[in-house]
Structure formats: structure tokens, C-alpha cells
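Before any comments, here is the structure.
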Protein chains: 2
Amino acid sequence: MPAWGRGTRVRGTRQAGALAAVLGSLTGFNSAQQIHAELRRRGERVGLTTVYRHLQVLSEDGQLDTIRDAGGETLYRRCRSEAHHHHLICRQCGTSVEVEGRVVEQWAEKVAAEAGFTVMDHTVELSGLCSRCGGS
Amino acid sequence: MPAWGRGTRVRGTRQAGALAAVLGSLTGFNSAQQIHAELRRRGERVGLTTVYRHLQVLSEDGQLDTIRDAGGETLYRRCRSEAHHHHLICRQCGTSVEVEGRVVEQWAEKVAAEAGFTVMDHTVELSGLCSRCGGS
DNA sequence: CGCTAAATGAATATGATTTCCACTATCGTT
DNA sequence: AACGATAGTGGAAATCATATTCATTTAGCG
């Protein structure tokens, strides 16, 4: 059973490949629309619908990190690490750093336990200005 | 200069009052649409546009907590505490608890400093099942 | 009371994401 | 290599939350 395994039969299509290539070369977080634009820029002919579909599947599979920008738009990026992690993003230039947050996880568990909750998920996003943009 | 101060002259309108009343009586987080619906249910005649406008202003003023549900929709609730805090929300019944997260803040600052970032904001949302719903 | 800027809200616009559905392409099987 | 079942594709149209427009109404100062 391959990593992307089980019933989810996935065919190797031109579009899936092109998308994977783009995701592999982009560094920061990008919206579906931006990714679609990049695809066109490269001369690839892929429908916006298809881009959305793939991004959705990939993120469900845990192959993409997703966050929401201030406007509620969903941004995607290929995961660098397998392990659970959070993000630190520069508001100015979009640079992002993955940070592991064992501390946060532990805190979350403790807080949940105290409130009688069973934590199943948590979101932690940090944003600010990176050293380059923060010269104020 | 009042707390909500400066140039932002705010008139005491029927709509503003009705909205405040509803926000005061609702316990959990609600979307603009739900709040609007509740207003109508009470026989108040307030336009959806007005609801959105007020919610936006109130949250900018720090009088409302806002979070985004899984679908990207914005939910609002009147703050209980003045201090900065985070939320623990039950996925099943929507019950939410405010939790203070000094630990998280400190962690955030440390992580940011290490990456050369100046943290200006952070989002932390915890979700799971409360004791009542978690009987599994 | 009279006035004027602020507030309102119906209608319309926006913009991301989803759904529809007819058409196409992949790949296991002959 | 051709075949065919079926997953994949993508343009158009639908959704849906939220923003904007603008003519009309209203709060509250003088």
C-alpha cells in the first residue's frame, strides 16, 4: 500500500504532475488562484476547478499545510516536515517558518483536561514582521 | 476620551441597541447571519448590512471575540474578559470556554525572537469535545 | 424645531470556492 | 495495440458570505 494508499485510486495525470511541480517550487503560502496563475505562467493548461480539487485532496492527505489569511482566503504550501507543526508568517513579505510547538501541545492538553474537554484539534498561527521587513 | 473614543462618533440607534441586546443574551459564537436571524426572531427590524457593519466595528474595538469556523465563516461573541485570551470550543454543541494563555504568549515570543521576528499577532483556537458531548 | 452628518438597508456587486455535467484520458484487461 | 469502464477534467453557472452603493431616514446638537 503506497503512502497515498487505499481505495483512493489516483491516476497520474498531466495536471496532477504540473501542480506537484509548482507546489514543489513555490516557497511560501499561496492561494489556489495564485497557484493557478503560476501554472498558466508556465504554460500549463490546468483548470481552476482542477487546482481546487487537487489542493483539497492533498491537504486532506496531509501533504499540504493550509492556513487562512486575514481575508479568509485559504493558502497552501507543501509540508516540509512530517511532524505536526505551526507557522510563523511575515505579514509584509509572506516569508514563513515552520516551528514545532511541543509546548503549545502540552498546554493545550492541560487546558482541555481542566475543562473536561477532549482536544481533537488546534490551530496556532503566529504573524509579525521578519527581520528583513521589521526595520520599522 | 471614552473607551471607544476618538473621532468615531457613535449614535445611539435602535439597531445598535437591539444588536447589543442580542449579543448580550447569546452564549456561544454566532455568525453574522445567525445574529441577524435572531434579531428578526425577536421582531427587530435590522438590515443584514447593518449587522455586518456593527459586528465589524465592535470587533475592531475589541468588544467582540471573533473566530473562523471550519468553513471560513466568521463567528462573533461578546468578550467576557478584557484580557487577551483564547478559545476552547466544542465541535458538537458549540459550547466555548475562554482560556488565558500566558504560556502560549511566552512561547510565541520566544519562538519569534529566535527567528528574528517581531510578533504582532497570534491566533490560537482549540477545538474538541466537551465533557457532555465526549461520551463517545 | 431645524439642520446636517451619521446611520440605515435594499439592491447590487464581489470574489472565493463548489457544483454540474458533458467530454476526455488513464490504465487494467483482452 | 485496441477497448472500455471509470476517474479526471474544466468551462459555465451556482453558492454564499461579505462589501459597496446610494437614496432615504434619523439622532441629537444648537
Side-chain angles (χ1 to χ4, degrees), chain A residues 1-2 4-23 29-61 63-77 94, chain B residues 2 4-23 29-61 63-77:
Chain A
M1 180 172 87
W4 35 273
R6 295 181 315 162
T8 314
R9 186 79 57 81
V10 178
R11 288 183 181 173
T13 63
R14 175 176 56 75
Q15 293 87 339
L19 182 55
V22 167
L23 287 172
F29 280 94
N30 300 84
S31 67
Q33 316 259 358
Q34 291 175 312
I35 292 171
H36 179 240
E38 175 59 23
L39 241 10
R40 314 201 113 226
R41 198 172 307 125
R42 299 188 180 196
E44 296 289 350
R45 182 181 302 290
V46 182
L48 183 55
T49 305
T50 302
V51 171
Y52 271 107
R53 239 181 332 237
H54 276 120
L55 291 175
Q56 196 166 286
V57 172
L58 289 173
S59 66
E60 279 170 5
D61 257 24
Q63 296 183 47
L64 292 181
D65 284 333
T66 67
I67 59 172
R68 291 205 184 250
D69 69 8
E73 201 172 349
T74 306
L75 306 181
Y76 306 82
R77 190 185 66 170
Chain B
W4 36 272
R6 296 182 314 162
T8 316
R9 185 80 55 80
V10 178
R11 285 185 184 172
T13 62
R14 175 176 55 74
Q15 294 87 339
L19 182 54
V22 167
L23 287 171
F29 280 94
N30 300 83
S31 67
Q33 317 258 358
Q34 291 175 313
I35 291 170
H36 179 240
E38 176 59 23
L39 240 9
R40 316 201 112 227
R41 197 173 307 126
R42 298 189 180 196
E44 296 289 351
R45 182 181 304 290
V46 182
L48 182 56
T49 305
T50 302
V51 172
Y52 271 108
R53 245 184 323 239
H54 276 121
L55 291 175
Q56 197 167 284
V57 172
L58 290 173
S59 66
E60 279 171 3
D61 257 25
Q63 295 182 48
L64 291 180
D65 284 334
T66 67
I67 58 172
R68 291 207 185 248
D69 69 8
E73 202 171 348
T74 305
L75 306 181
Y76 306 83
R77 190 185 66 172

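Because the structure is predicted, anything quoted here is derived from the model rather than measured. Note on naming: letters A, B, ... go to the chains in the order of the sequence lines (proteins, then strands), and numbering restarts at 1 for each one.
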Requested in this report: Mind checking Q56(A) for me? I need base, sugar-phosphate or nothing, with any heavy atom below 4.0 Å counting as a touch.
Outcome: sugar-phosphate
Query - Sugar-phosphate only, base, or nothing, as touched by S31(A) at under 4.0 Å among non-hydrogen atoms - result: nothing
Requested in this report: List in chain and number order the residues that pass side chain to side chain donor-acceptor pair (under 3.5 Å) with T13(B), two or more places apart in sequence or in another chain; answer none if no residue qualifies.
Outcome: none
Report task. Indicate, with a heavy-atom threshold strictly under 4.0 Å, whether R45(B) touches base, sugar-phosphate, or nothing. Result -> sugar-phosphate
**Report entry** Listed partners of N30(A) passing side chain to side chain donor-acceptor pair (under 3.5 Å), at least two apart
**Finding:** none
Requested in this report: With sequence neighbours left out, write down each residue that passes ring-ring contact (aromatic ring centres under 6.0 Å, His included) with Y52(B), or none if nothing qualifies.
Outcome: none
Report task. Please determine if a side-chain N or O atom of Y52(A) lies less than 4.0 Å away from the OP1 or OP2 oxygen of dT18(C). Result -> no
**Report entry** Rounded distance (Å) that lies between atom P of dG9(C) and atom CG of L39(B)
**Finding:** 9 Å
**Report entry** Integer-rounded Å distance: dG8(D) C1' and L48(A) CG
**Finding:** 16 Å
Report task. Using a cut-off of strictly less than 4.0 Å, decide whether Q15(B) has a side-chain nitrogen or oxygen near OP1 or OP2 of dG9(C). Result -> yes
Requested in this report: Go through dG9(C), dG10(D), dT17(C) for me and flag the one nearest to the Q33(A) side chain.
Outcome: dT17(C)
Query raised in the report: With sequence neighbours left out, what residues match R53(A) under side chain to side chain donor-acceptor pair (under 3.5 Å)?
Result: T50(A)
Report task. Can you tell me the distance, in whole Å, between the CD atom of E60(B) and the P atom of dT18(D)? Result -> 14 Å
Requested in this report: Give the rounded distance in Å between these two atoms: NE2 of H36(A) and P of dG10(D).
Outcome: 8 Å
Query raised in the report: In terms of side-chain heavy atoms of E73(B), which of dT17(C), dG10(D), dT18(D) is nearest?
Result: dT18(D)
Query raised in the report: How would nucleotides 20-26 of chain D be written as a contact map, 5' to 3', with B for base contact, S for sugar-phosphate-only contact and - for no contact, using protein heavy atoms under 4.0 Å?
Result: B-----B
Requested in this report: Starting from the 5' end of DNA chain D, give me the residue, G72(B) or H54(A), whose nearest nucleotide shows up first.
Outcome: H54(A)
Report task. Compare all side-chain heavy atoms of D65(A) with those of F29(A) and state whether any distance is below 4.5 angstrom. Result -> yes
Query raised in the report: Just how far, in rounded Å, is C1' of dT17(C) from CG of L55(A)?
Result: 11 Å
Query raised in the report: How many Å lie between CZ on R14(A) and C1' on dT9(D), as a whole number?
Result: 9 Å
Query raised in the report: Is R77(A) reaching over with its side chain to a backbone N or O of I67(A), donor-acceptor style, under 3.5 angstrom?
Result: no
Requested in this report: To the nearest Å, give me how far apart CG (N30(B)) and P (dA17(D)) are.
Outcome: 14 Å
Report summary line: With sequence neighbours left out, the residues meeting side chain to side chain donor-acceptor pair (under 3.5 Å) with E38(B) are R41(B), R42(B)
